[in-house]
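Starting from 1, each residue takes its place in the sequence as its number.
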Amino acid sequence: MSTPDKVVDVTIDPASLANVAPGTGNLPERLEHFHDLALGMFIHWGLDCLLGTVPSHWMIGADPRLVDRFIHETPGHFAPGDFDAHRIARLARQAGMRYGCFTTKHHSGFCMFDTATTDFNVMRTPHARDVVRQYMEAFREVGVPPGLYFSPLDFLWCHQRKKLLHFMTPDVVPAGNPDLMGYNLAQMRELLSNYGPIEMLFLDGPPEQLRELAWQLQPEIVVTRGAMETPEQHLPDTALPGVWEACCTIGDGWSYKPTNDTVKSGTDLIEMLIRTRALGGNLLLNITPDTEGRIPLEQERVLQELGTWLFFNGEAIYKVRPWKVQRDDNIWYTQSKDGQTVYAFVTGEPWPHGHFGRKTVILPSVVTTERSTVAMVGQNGLALEHSPEADTETRWQQHEDGLHIDALRTYRPYDNRRWPNPVAFRITHAGVANGR
């Protein structure tokens with residue numbers, strides 16, 4: 001199956017769609033729940049995977065003949081024979097992701113769902129299946145609530161009307177094109193009416209009217225980009241006000257790159273997540289399925305390592321909030337929502353396994369009380385494998401320069417006992433040192 005020689009939009013009456021009343025905004029209780037989730041899987045996938053390019057942005061400045069070729073020819077080659085939404089969903093669950101976010105329509109205008117608004121959609125490809133529905137069903141099956149990405153920009157729509165493609169200029173944004181606004185609103189109605197409850201919505205462009213419609217159709221949806229801070233490809237230096245979400249890639253780019261990609265290590269991802277949570281945000285990590293719908297093995301491996309780390313340390317990441325002090329050099333802090341427990345993540349130099357000896361750390365900002373307890377997260381502190389006589393006790397003392405912790409790491413994720421990733425300590429009923 002291929003796309004028709006000419007892509008034709010279904011006729012839409014903008015007047016019947018554009019008058020969207022103000023919505024409720026993100027409900028406080030839903031923001032609280034979203035904040036608890038901590039980590040999400042971003043999935044950028046569309047026709048661009050066939051080119052190995054940045055998604056959509058390559059169209060700006062490109063020869064119009066290439067844009068035509070992309071619109072009319074490339075959909076005929078979209079036949080991902082190995083795409084398995086359930087496998088991606090299982091990886092998300094294994095990696096510790098608590099929600100998903102799939103690119104329903106990027107700036108190119110190609111829709112990865114069954115839509116009545118345009119023939120430039122996945123149903124007019126050899127795949128001929130609603131990928132958004134496949135994603136939704138698979139993620140719900142494994143218990144990871146699905147969310148959606150949607151671009152209000154639409155280079156197909158603009159190209160059909162002979163507009164010079166730019167990014168966020170008045171000539172191409174919906175505010176300057178009532179017909180484009182109506183077109184987007186029609187697609188948003190399809191997405192939020194035909195696929196059940198949506199966890200969150202990422203609007204990658206002017207959100208006006210679209211977010212209001214989303215809150216009308218699904219009052220419990222959380223709009224991220226378009227209603228909160230969403231730093232992209234970087235993390236802030238200090239905590240941001242309110243709930244926020246950082247979106248970052250595992251490799252260099254947002255879409256599949258067959259070569260010249262630099263994939264972050266598992267330790268890199270873990271430390272990004274720690275820093276994000278210490279500063280009060282959620283982390284949305286992007287994967288890039290290839291031309292056959294497979295996740296690049298390098299990305300799958302580092303996500304599995306992230307999941308292993310979260311298996312042992314998840315209590316210090318999920319359902320936590322920033323502490324009064326975010327960090328002491330290489331030590332980052334979070335706290336339980338009730339404020340009774342502080343978590344300290346020790347990054348940098350790996351903590352040795354017990355068979356290689358004990359290690360100490362000083363937490364300058366932490367002051368214990370007579371009610372305090374201190375333990376390494378993820379272990380019981382009572383047994384060291386093959387060494388029943390080992391001294392496994394975690395000891396601590398309060399000094400003027402901070403809390404001194406002397407501990408043995410007894411849990412063993414790797415066969416060789418060498419675990420390069422951060423450890424976390426749980427300190428109950430603690431306060432902040434004077435002057436911090």
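- For Thr169, there are no side-chain hydrogen bond (donor to acceptor under 3.5 Å, both in side chains) partners at least two apart in sequence or on another chain.
- A cation-pi geometry, defined here as NZ or CZ lying under 6.0 Å from the six-membered ring centre and within 45° of its normal, does not hold between Arg294 and Phe83.
- For residues 342-352, the side-chain hydrogen bond (donor to acceptor under 3.5 Å, both in side chains) pairs, not counting sequence neighbours, are Glu315-Tyr343.
- In this structure, NZ on Lys257 lies 10.5 Å from OG1 on Thr53, to the nearest 0.5 angstrom.
- Residues that satisfy the side-chain hydrogen bond (donor to acceptor under 3.5 Å, both in side chains) test with Ser372, not counting sequence neighbours, are Thr369.
- Annotation: side-chain hydrogen bond (donor to acceptor under 3.5 Å, both in side chains) contacts of Thr410 (sequence neighbours excluded): Gln379.
- Of the N and O atoms on the side chains of Lys163 and Asn177, at least one donor lies less than 3.5 Å from an acceptor on the other residue.
- In this view, His429 satisfies the ring pair (Phe, Tyr, Trp, His ring centres under 6.0 Å) rule with no residue, not counting sequence neighbours.
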What side-chain donor-acceptor pairs closer than 3.5 Å can you find for residues 242-251, not counting sequence neighbours?
unit_1	atom_1	unit_2	atom_2	d
Trp244	NE1	Leu279	O	3.1
Trp244	NE1	Gly280	O	3.4
Glu245	OE1	Thr224	OG1	3.4
Glu245	OE2	Tyr99	OH	2.6
Thr249	OG1	Gln233	OE1	3.3
Thr249	OG1	Gln233	NE2	3.0
Thr249	OG1	Gly251	O	2.7

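- In this structure Asn380 satisfies the side-chain hydrogen bond (donor to acceptor under 3.5 Å, both in side chains) test with no other residue, sequence neighbours excluded.
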>> What verdict does the side-chain contact (heavy atoms from CB on, under 4.5 Å) test give for His106 and Phe110, after you've listed the backbone C-alpha separation in whole Å, the side-chain angles of each residue and the deciding distance to 0.1 Å?
In response: CA-CA 7 Å; His106 208 272; Phe110 183 77; over 6 Å; no
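- Residue pairs that meet the salt bridge (charged side-chain N to carboxylate O under 4.0 Å, His left out) test with at least one member in residues 371-383, sequence neighbours left out, do not exist here.
- Among residues two or more places apart in sequence or in another chain, the side-chain contact (heavy atoms from CB on, under 4.5 Å) test is passed with Pro145 by Glu199.
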> Does the pair Thr288 and Gln299 meet the rule for a side chain to side chain donor-acceptor pair (under 3.5 Å), with working shown?
Replying inline: CA-CA 8 Å; Thr288 62; Gln299 296 179 20; 2.8 Å; yes
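- Using bins of under 30°, 30° to 60° and over 60° for the plane-to-plane angle, the ring pair Tyr149/Phe202 lands in the parallel bin.
- Each salt bridge (charged side-chain N to carboxylate O under 4.0 Å, His left out) pair with one or both residues in residues 135-150, not counting sequence neighbours, would appear here, but there are none.
- A salt bridge (charged side-chain N to carboxylate O under 4.0 Å, His left out) check over residues 233-244, counting only residues at least two apart or in different chains, returns the pairs Asp237-Arg275.
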>> Evaluate His234 against Glu232 for side chain to side chain donor-acceptor pair (under 3.5 Å), listing each step before the verdict.
In response: CA-CA 5 Å; His234 75 279; Glu232 181 174 322; over 6 Å; no
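- For the 3.5 Å distance criterion, the side chains of Gln187 and Thr117 qualify, holding a donor opposite an acceptor.
- Ring pair Trp45/Phe78: centre-to-centre distance below 6.0 Å.
- In this structure, His107 has its ring center under 6.0 Å from that of Phe167.
- Taking the six-membered ring where the residue is Trp, the centroids of Phe345 and Trp332 are separated by 6.0 Å or more.
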> Given the rule in the side chain to side chain donor-acceptor pair (under 3.5 Å) test, do Asn26 and Trp215 qualify, once you have shown the distances and angles that lead to the verdict?
Replying inline: CA-CA 8 Å; Asn26 287 326; Trp215 287 323; 3.1 Å; yes
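- The aromatic rings of His44 and Phe42 lie perpendicular to each other, with more than 60° between the two planes, well past the 30° mark.
- Relative to the six-membered ring of Tyr414, Arg418 misses at least one condition, a distance below 6.0 Å or an angle of at most 45° to the axis.
- Using the six-membered ring where Trp is involved, Tyr195 and Phe113 have ring planes that are perpendicular, over 60° apart on the 30 and 60° scheme.
- In this structure, Arg161 forms a cation-pi arrangement with Trp157, its terminal cationic atom sitting closer than 6.0 Å to the ring centre and no more than 45° off the ring axis.
- Atom CD of Gln94 has more than 12 heavy atoms from other residues, nucleotides or ligands within 6.0 Å.
- Contacts of Thr267 classified as side-chain contact (heavy atoms from CB on, under 4.5 Å), with partners at least two apart in sequence or in another chain: Ser265, Glu271, Glu305, Pro420, Asn421.
- Annotation: the span from Arg98 atom CZ to Asp36 atom CG amounts to 9.5 Å, rounded to 0.5 Å.
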